[in-house]
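A short worksheet on the structure shown next.
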Amino acid sequence: MKQYKIVIIGGGPAGLAAALSAKEHGIDDILILERDERLGGILNQCIHNGFGLHTFKEELTGPEYAERYIDKVLAAQIPYKLNTMVADITPDKEILYVSAEEGAVTVKADAVILAMGCRERPRGALGLPGFRQAGVYTAGTAQRLMNIEGYMVGKEAVMWQS
């Protein structure tokens with residue numbers, strides 16, 4: 001079983017920043033596990049600007065901001081795995097992950113950083129009980145469908161805040 005000093009679950013902005021910080025503090029044995037097909041997390045679908053003012057001292061779109069961090073991770077040669085789903089974490093910090101490339105793999109870590117972001121809760125966010133109604137999307141889902149998948153989700157929108 002492969003051993004790492006730090007395993008970071010999530011390759012979005014928090015996971016990338018955690019990996020870079022660990023590397024800057026002298027830790028070389030790091031692994032990032034990301035379930036999506038690319039690093040960057042939610043930033044990849046946030047095509048509007050407004051990111052980067054504090055960190056990079058300029059206004060960037062989400063993908064531009066993510067790319068800056070991804071470039072730093074690549075330059076630091078921090079290993080990562082894409083299309084990889086974490087299935088289990090034991091109290092002993094054994095992480096079971098699954099990918100089409102490797103199948104089911106267990107690794108051990110001295111420390112695990114959970115940087116998986118958050119999820120919109122459709123029922124709470126929409127205030128509509130029951131099953132998902134056709135054509136009703138959370139803002140994040142609509143954003144992903146349009147900006148990542150390239151689908152038009154509609155020509156008219158209704159915003160509802162409960």
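One distance of note links CG of L60 with CD of E67; it measures 11.5 Å at 0.5 Å rounding. In this structure, E59 CD and F51 CZ are separated by 10.0 Å, a value rounded to the nearest 0.5 Å. Here the OG1-CD1 distance, from T84 to I32, works out to 11.5 Å after rounding to the nearest 0.5 Å. Here the CD1-CD1 distance, from I6 to I27, works out to 3.5 Å after rounding to the nearest 0.5 Å. To the nearest 0.5 angstrom, L16 atom CG is 8.5 Å from E34 atom CD. To the nearest 0.5 angstrom, D36 atom CG is 4.5 Å from R144 atom CZ.
Surrounding NE2 of H48 are more than 12 heavy atoms belonging to other residues, nucleotides or ligands, all under 6.0 Å away. Taking a 6.0 Å sphere around NZ of K2, one finds it holds more than 12 heavy atoms contributed by other residues, nucleotides or ligands.
Using modelled atom types, no side-chain atom of N44 and backbone atom of G62 make a donor-acceptor pair closer than 3.5 Å. In this structure a side-chain-to-backbone donor-acceptor pair under 3.5 Å is present from E64 to T61. Side-chain atoms of K93 do not come within 3.5 Å of backbone N or O of T90 as any donor-acceptor pair. Without hydrogens or angle criteria, K72 side chain to A17 main chain gives no donor-acceptor distance under 3.5 Å.
Side-chain atoms of Q77 and D28 include no donor-acceptor pair closer than 3.5 Å.
L114 and L82 fall into different hydrophobic clusters, where Ile, Leu, Val, Met, Phe, Trp and Tyr residues are linked whenever their side-chain heavy atoms come under 4.5 Å apart, directly or through other members. Cluster annotation: M116 is connected to Y97 through the hydrophobic network of ILVMFWY side chains, with a link wherever side-chain heavy atoms come within less than 4.5 Å. Each of V98 and L33 belongs to its own hydrophobic cluster when Ile, Leu, Val, Met, Phe, Trp and Tyr are linked at side-chain heavy-atom distances under 4.5 angstrom. Hydrophobic clustering (ILVMFWY, side-chain heavy atoms < 4.5 Å, transitive): I78 and I8 are in one cluster. Under the 4.5 Å side-chain heavy-atom criterion for Ile, Leu, Val, Met, Phe, Trp and Tyr, Y69 and L31 are members of distinct hydrophobic clusters.
The side-chain heavy atoms of V73 and K23, taken from C-beta on, include no pair separated by under 4.5 Å.
When all heavy atoms of Q45 and N147 are compared, the closest pair comes out as O-ND2, 2.8 Å. For E37 against N83, the heavy-atom pair with the smallest separation is CA-OD1, 3.3 Å. Nearest heavy atom pair, residue V112 against residue A109, reads CG2-CB, 4.0 Å. The two atoms that bring A22 and I30 nearest to each other are CB-CD1, 3.8 Å, heavy atoms only. For T106 against M1, the heavy-atom pair with the smallest separation is O-CG, 3.3 Å. Taking each heavy atom of M146 and V153 in turn, the nearest pair found is SD-CG2, 3.8 Å.
Note: Y65 and F56 have perpendicular aromatic rings, judged against thresholds of 30 and 60 degrees for the angle between ring planes.
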Assess whether side-chain contact (heavy atoms from CB on, under 4.5 Å) is satisfied between I9 and I89, documenting all intermediate values. CA-CA 10 Å; I9 302 171; I89 305 171; 3.4 Å; yes
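With salt bridges taken as basic N to acidic carboxylate O contacts below 4.0 Å, none links E101 and K81.
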